[in-house]
Amino acid sequence: MRPWACIPVALLAFLPLATPAQLPLHHAGPSTQSFTLLDALSADPDYVSLIKLLQRAKLVPTLNKLQNSTLFAPTNDAIKRHTSSNSLWQRALDENDLDLTDNLELRLRQELFYHLLNYTNYTLPTEQTPQEHKTLLYPRDYTEPPSQEPPPSPPWLPVPNGTLGTDPQRLRLSYREEALWAGVDASGNGGAKVVKEKVEAANGLLLGIGDVLEMPPNLGTVISRHPQLSYFSKILTPQLAKFLNSTSKLTLFLPVDDAWQALDHYERLYLESEFAADDLKRILNMHAVLLDEVKWADSFTGEAVKLPTIDGPKLSIVPEKDSKKVKVSDADLVERDIYASNGVLHTVSSLLIPEGTFRPTPEKYLLALNCTEFVSLIHSVNLTHLINDPDAQYTILAPPDDVLKLFGHHDMPHRGSEELKRVLQYHFIPGKWTQKKLEDGMLIETALEEPGLDGGRQVMAIEVTDEDKKKDTKTIRFAGAGVMGEPATINNTLVYFLSRPLVPPSDIMETAAPILDVSNFVAGIFSTNLAEMLKSTPRTTLLIPPNDAFKRLGMLVSAHLVSSSAKADFERVILHHTIKGVVYAEPVVNGSQRTYGTLEGSDLHVERRGSDRTVLFTPSGGWADMQSELYPQNILTQTGVIHEVSDIMIPRSVHLTVGKLAKAAKATTMTTMMVKAGLGWILNGTAPPEGSTWAEIGLKGSGWTLLCPTDDAFKQINLTELYADEERLRAIVSQHLIPTPPPPSSPKTSAPTVLDTFVNNRPLPLDDSATYSTLHSANSAYGDVLVRVLDEGGTVIGIKGARGRDGAQDWAHVVAWGRSTTGDGSGGVVQIDRLLEPYEPSWYAEYGGPVAVGVGGVLLIGLFFWGVRWVWRRDTTEATYEPIGGFGQDDSEDS
């Protein structure tokens, strides 16, 4: 038990006299004969707990020393309730607690000082409008550990210059519900009720209250408890809370919750994120005044003042003369003088942020919108200029964190790599592309500047599907990636959230390789030396035909192009399919340009037809009416775009001769025979040698169709004998050569038509019953050949009028063909599976028929005359007469 616990309460009044150490005072206090506040407390058993606290805080001499003070004395019941939640007071009342952790009892003394006024307030309020009074509490910073040093000489009067500067803490009194209340708010609500009659003492006024007066807490706590500052409390960071709690003499003008609605939804969302610390600090500093003293509302009653904020322009405080309203810059002062231990808080109706001051960058919005990994990747490749300029207009295609986590790092290029830089640039589209602006099939330029486009911007394909036209809802895909949820419109920035990261276009070969329908043409490119060249040539458009285009071209032409010996020809064909410049679908379909230059050197001619603007390409070479229809695809590459076309186009630099086609038909034997027969010039498409028989009869080097048997067709032929028999050799070769005039030109129409390429690629029409003269026709009645189309499919060609023993030598199946491009583009090679030997009928076959007819005719004539003579002789040797009178009736009946 403490020694002073045995001292009767009544003797406490004599402590000043019995303790010489407490005598030094600045002025004389009340005499021992007067009735002091301490006497009043001692006389009332409701204040026993309070006296114990005064003893523990060593404030008894201080209370005796004060004159004209006002004490708000909590009763025993009030203190008992308070100790249940206040360990300091509970410990101070515990007589068994000898642990003096704080020899000065500073905290306890400060809380008791908040119940004291340094003057006697005899004019108590009679209405709810509160009175403001200055207490003896000068708040201190309690963050330092308690001192173990001995206390200074008593009495310990309050020392100014605390966390409120030279000002003490304030206390409001109000009258409501027919009672006096202490510690109320600015509206006169709350506080502790005065529950006992006032007692006037020689040195002050005693008012008993039913609750302990709570010292105002620090600003951070005040803000967290205020009902109209819930949003600011929500976005308050730990760093700012520490600033609010540790900064002294701070005056705040904070906007109420409704004021934050002036910000855009995404601006508020950003402020609520963990990434807004710097901006929140700046916003708070624009609402904070830090001077040598706090600015209470009573300083706003005079002339207008300007208060400098920590960060930002000065606040203009203007009281309105005709009303009690106060303007704080453009805002109204809503609630004034909300007390705190280290400053004062005023609430205002709107944000005190100058226009244009708070402009979060797109980066900050992306962070708030759960795109932190996307932002981190952008920082790794130094593309922050795309997300740090609030004035720049961009449409950002951002995959959220959960999407990037799903795809994983192995699906993305390495952090900081140039490839990752390309990928991320492809996610930014200059301009603000709202859903209404997007149309299906359109191409939009991105921020990716491709070296393969000579520094031009890479484009992106847009897919738009109208799900419900009445509700104007659309499904949008960017480069094949779907959009999740609604886009976020933030100032100059529009953000779409993607279902997967975008991949920018690859090089031209990597892009074309997976398209199975064009694999033959792609394989042909790789077989040449053009693959790397096409990859690196900037700004090109590749027209790529499907696999069946090789069949439509003619199998012998295709076989020639893909052969190793014809690599140069195939390279020219490929380059003729590569347009100089990037030609997307829309300008080539709806534009007016008629020709496009190619890497091969010659031009492609373009015609457009019909309401759908079907595009037909005509090559510089090939044969008459060669054309290819464009199938616009807009398959994007690093260097341009790929479109599909219906057919392969032959440039004029590729000369498809009969010799090249015969070689493709693997007809070595036949070509050898032609050379030995003196017809090798036809293989080369050149004129016959001067002075030769062929030159004398006026033959030309072009316009020939060779019926070309395969080498297998000569298995039963003795080639040695054949080569030795020049006349027979020439006859056989002549039997297989068909002079082919140029086809009639197609009629010119206002709208070009798409020709049947499969028919147009033939050296000559192979219609049923078509008859063609051969070079042998001039020397033989059986030189013509006849075409027959079989019912079961297939086509055969035979010698017209030939009648062999079994017909095996007279006809052959058509295996393949190819059309030449030399001269006027007529003629070519028709591959057949048998040799058509010239037909030479036997004497019986040639003369037997006419002889038989003549003999038969003579015999019939002789037989006719013999019959006539026999009838005549019969009529002259037999008598014939008629009865006189004619025949009677009976005779007639008998007869």
Side-chain angles (χ1 to χ4, degrees), residues 419 450-454 504-583 596-604 617 619-622 626 628 633 635-657 659-666 684-685 818 820-822:
E419 182 59 26
E450 289 276 27
L453 297 176
D454 280 340
S506 304
D507 66 67
I508 193 169
M509 299 311 300
E510 186 177 344
T511 303
I515 308 175
L516 298 179
D517 189 44
V518 298
S519 58
N520 289 349
F521 196 80
V522 174
I525 295 175
F526 279 111
S527 69
T528 65
N529 298 320
L530 296 179
E532 292 302 321
M533 187 271 281
L534 291 179
K535 287 181 183 180
S536 59
T537 303
R539 301 193 62 80
T540 56
T541 299
L542 179 62
L543 305 175
I544 191 165
N547 293 339
D548 61 0
F550 285 88
K551 182 179 180 181
R552 291 160 59 87
L553 183 64
M555 293 308 298
L556 295 183
V557 177
S558 299
H560 165 70
L561 292 177
V562 300
S563 66
S564 59
S565 61
K567 185 178 293 187
D569 280 350
F570 198 17
E571 287 181 354
R572 296 187 187 99
V573 170
I574 293 170
L575 294 176
H576 199 55
H577 286 74
T578 309
I579 296 175
K580 294 179 181 178
V582 181
V583 184
Y596 291 97
T598 68
L599 296 184
E600 178 266 339
S602 58
D603 295 342
L604 290 174
F617 283 108
S620 63
M626 174 177 272
S628 184
Q633 297 293 319
I635 304 171
L636 303 177
T637 70
Q638 285 183 359
T639 53
V641 67
I642 296 175
H643 298 296
E644 290 191 29
V645 288
S646 63
D647 294 281
I648 298 172
M649 296 174 286
I650 307 296
R652 60 170 172 254
S653 60
V654 173
H655 304 287
L656 297 176
T657 64
K660 290 180 178 180
L661 299 176
K663 184 177 181 180
K666 301 185 185 306
N684 300 325
S820 68
T821 62
T822 55

Might you point out which heavy atoms bring [X] and [Y] nearest each other, and give the distance in Å?
| X | Y | answer |
| --- | --- | --- |
| Val654 | Arg572 | CG2-CB, 3.6 Å |
| Gly524 | Ser527 | O-OG, 2.6 Å |
| His560 | Ala664 | N-CB, 3.7 Å |
| Glu571 | Thr528 | CG-CB, 3.6 Å |
| Val518 | Pro546 | CG1-CA, 4.0 Å |

Donor-acceptor contact present, side-chain [X] to main-chain [Y], <3.5 Å:
| X | Y | result |
| --- | --- | --- |
| Ser519 | Leu516 | yes |
| His643 | Gln633 | yes |
| Lys660 | His655 | yes |
| Asp548 | Asp647 | no |
| Thr821 | Leu656 | yes |

Between Asp603 and Thr598, is any side-chain donor less than 3.5 angstrom from a side-chain acceptor?
no

Would a 4.5 Å heavy-atom cut-off, applied to side chains only, mark [X] and [Y] as touching?
| X | Y | result |
| --- | --- | --- |
| Ser628 | Ser646 | yes |
| Leu599 | Leu534 | yes |
| Asp569 | Leu561 | yes |

Using the side-chain contact (heavy atoms from CB on, under 4.5 Å) rule, take Gln638 and Ile508 through it: C-alpha gap first, then chi angles, then the decisive distance, then the call.
CA-CA 7 Å; Gln638 285 183 359; Ile508 193 169; over 6 Å; no

Which pairs would a plain distance check flag for residues 573-582, meaning a side-chain donor or acceptor within less than 3.5 Å of a matching protein atom at least two apart in sequence or in another chain?
residue, atom, partner, partner atom, Å
His576, ND1, Glu600, OE1, 3.1
His576, ND1, Ser602, OG, 3.3
His576, NE2, Ser620, N, 3.3
His577, ND1, Val573, O, 2.7
His577, NE2, Met649, N, 3.1
Thr578, OG1, Ile574, O, 3.0

Paired with Thr511, the side-chain contact (heavy atoms from CB on, under 4.5 Å) test is passed by just one of Thr639, Leu636, Thr637, Val641, namely Thr637

Can you tell me how far the [atom1] atom of [X] sits from the [atom2] atom of [Y], to the nearest 0.5 Å?
| X | Y | atom1 | atom2 | answer |
| --- | --- | --- | --- | --- |
| Glu644 | Leu543 | CD | CG | 10.5 Å |
| Ser565 | Lys663 | OG | NZ | 3.5 Å |
| Leu542 | Ile642 | CG | CD1 | 5.0 Å |
| Phe570 | Ile525 | CZ | CD1 | 7.5 Å |
| Glu532 | Met509 | CD | CE | 9.0 Å |

Might you confirm whether atom NZ of Lys535 has over 12 heavy atoms from other residues, nucleotides or ligands at distances under 6.0 Å?
yes

Run the side-chain contact (heavy atoms from CB on, under 4.5 Å) check on Asn684 and Thr657 step by step: do they pass?
CA-CA 6 Å; Asn684 300 325; Thr657 64; 5.7 Å; no

Quick one: sort the Phe550 and Phe521 rings into parallel, tilted or perpendicular, breaks at 30° and 60°.
tilted

